[in-house]
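In what follows, a structure is listed as structure tokens, so that the remarks can point back to it.
All values derive from a computational prediction rather than experimental measurement. Every number for a ligand or one of its atoms is a count from 1 in the order of the listing.
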Amino acid sequence: MTSNNTERVLIGIAASPGICHGPAVLFSEGQIDIPFYSVSSEQVASETERLEMAIIATREEIIQIRKKVSATLGEGEALIFDAHLMVLEDNALISEVLQYLNERKHNIEHCFHQVVNRYINFFKNIEDEYLRERVSDIRDVERRVLNNLLGKKHADKEILHSKKIIVSDDISPSLAVGFNKDTLLGFLTDSGGATSHFVIMSRSLNIPSVVGLHDVTKQIKNNDYVLIDGYEGKVFINPCDETLSLYEERANKQQAIELRYQKELLEECVTRDGHTIQLMANIEGTNEIEAYKRSHADGIGLFRTEGLFLRHNGVPSEQCQYNEYSSVVENAEGKPVIIRTLDIGGDKLLDGITEESFLGLRAIRYCLENIGVFKTQLRAILRASALGDVQIMYPMISGVEELDKVNEVLNEVKSELDGSETPYNRSIKVGAMIELPSAVMVIDLLASKVDFLSVGTNDLIQYLMAVDRMDDKVSHLYQPTHPAVLRSLKIIFDGGNQNNKSVSICGEMAGEPIYTALLLGLGAKSISVSISRLAEVKHFIRLMDLEQLEAVVQDCMTMERSGQIHTKLEEFIGSIS
Ligand code: PEP
Ligand code: MG
């Protein structure tokens, strides 16, 4: 297990807790370098043969992945690969590539890329939404064929087959959903912040991760032996024997602590002085249902629906969405399930559909520009509402006009369902996420138009402080205890109370005991956290005295600096541990 090389330590952002060690594999989602050169007339036959061989290899690859996805995620999810096979075997496309080769006499990779690009441009500009979305399928197939032509191993193939720590410059959520969890030990990335969506996913999968390491892809080579301390954000390259045994001890201790927390899951979530706190779970899809049941949470406070779209790399059909939502609702045992409408864009990207900007066409903005996609989702959610306590929540609401528009669309969908006598809950509760500074400033107006409010602190901090939650270079400015964050939260709680609307918190802050304390002291009666954080959070809530905590938070409200507030909260948690 050890190596003769000297141990080196890197420090980054502790993103997902846990300790793991094993060989590293470098992974890059980057662009493929496509060579460009001329070929002679004699070489045309061999270039044609190279293309045929690459298509055969790609076909085999897609069939294998399809089988795997069908076995692990279900047949519905596997259908996407049938579409990939159709693209791969499209005779018109192949004939055009061969014609291009014969006419231009360029290497086959270049010919293939040129023709595929023509297809992509054609599909991109098409009116029909469904056909437009085929761009991502074509891109995916192109990437596979080019990798086979260039003799490059697909990183995902390698990763699927043996236990590895993945080292990458960045990992997109759409890629993260495709990794094989059984062989995935941990993640290390150059970029990223503690609330990047990929990080949230790795937390929900219990995969130890350290991000924001700046140049880890340069520091680590394939097969270097690496140890990750996801609690403290440390990475040991070629760990020595002492480090390995120290961490073995730590991992055992941590396991004992976690077992102790787990035992409390069956207990009520009540503070030491008798106040009940609603403790709900954040989930990304049906794959977390079993863990949700074991958590004994008070319901699902945030169901991020993007996971399903990312796994499809496109828009799933209404029936496919209904299957996913209804399966979650049926397993929630009558407890509330708050389904958040599509929050795509920002760092959650669908090829050819969304843009990489947190300030652009993200979340509700995307949905209002793509009413077809939005209505399909609302129909699927409403249909699932006939099966349990489903509630709808809109992400990234900026003000009243947007909320009115969204509710208009919801009413249209309700009328359509009435027309076809499709059952749904007519008095379904509707809530808005409060995650933009503008929403904080008009909290009274928004509160009067919804049934509940839920604070997305991940984005609220990002937008309030103008700190990209993905950017490791400014992660030190991403401060949950900044006085501006505390004041904003106070405004939100006051606005909710004055309008008799419940205010829940579903951002990552709620899952960190020192911030849980802050939120409870500010007045939160309901929080929703990643399932992996739930046991520890419940343990600490049961140790807290709300009256004492309110006094601590009142003190915090008078402080000028983030660091002071942080220290005060740490002292409080230390005093009750
Ligand atoms: C948030 O912004 O806090 C939130 C819960 O939503 P997401 O992390 O998915 O943006
Ligand atoms: Mg958000």
Is there side-chain contact between Thr341 and Phe374, with at least one heavy-atom pair below 4.5 Å? yes

Please say whether Arg340 places an N or O atom under 3.5 Å from an N or O atom belonging to ligand 1. yes

Suppose I only count heavy atoms of Asp343 and a 4.0 Å limit; which atoms of ligand 1 are within that range? 10 (O)

For Ile200, the atoms of ligand 1 under 4.0 Å from one of its heavy atoms are 8 (O)

Lys/Arg-Asp/Glu bridge criterion (N-O < 4.0 Å) met for Arg362, Asp459: yes

Show the atoms of ligand 1 that are less than 4.0 angstrom away from any heavy atom in Cys506. 5 (C)

Taking only heavy atoms of Leu302 into account, list the atoms of ligand 1 that are under 4.0 Å away from them. 5 (C)

Is it the case that Ser528 and Asn282 place a side-chain donor and acceptor less than 3.5 Å from each other? yes

Quick one: which ligand 1 atoms are inside 4.0 Å of a heavy atom on Arg469? 2 (O), 7 (P), 8 (O), 10 (O)

Arg362 heavy atom under 4.0 Å from ligand 1: yes

Answer whether the closest heavy-atom distance between the side chains of Cys269 and Gln278 falls below 4.5 Å. no

Could you list the atoms of ligand 1 found under 4.0 angstrom from a heavy atom of Arg304? 4 (C), 5 (C), 6 (O), 7 (P), 8 (O), 9 (O)

Could you check Val455, Ile443, Leu453, Leu522 and say which one makes a side-chain contact (heavy atoms from CB on, under 4.5 Å) with Phe493? Leu522

Regarding Thr376 and Gln321, is there a side-chain donor-to-acceptor distance under 3.5 Å anywhere? no

With heavy atoms of Gly507 as the reference, note each atom of ligand 1 found under 4.0 Å away. 3 (O), 5 (C)

Counting from 1, what ligand 1 atoms have a heavy atom of Asp459 closer than 4.0 Å? 1 (C), 2 (O), 3 (O), 10 (O)

For atom 7 (P) of ligand 1, the closest protein heavy atom turns out to be His197 NE2, 3.1 Å

Any salt bridge linking Lys293 with Glu333? Criterion: basic side-chain nitrogen under 4.0 Å from a carboxylate oxygen. no

Could a heavy atom of Met433 be found less than 4.0 Å from some atom of ligand 1? yes

Asp343 with Arg304: basic N within carboxylate O range, under 4.0 Å: no

Do Asp190 and Val211 come within less than 4.5 Å of each other through their side chains, counting heavy atoms only? no

Geometry at the Mg ion (ligand 2) - Asp459 OD2 versus Glu435 OE1 angle, rounded to 10 degrees: 100°

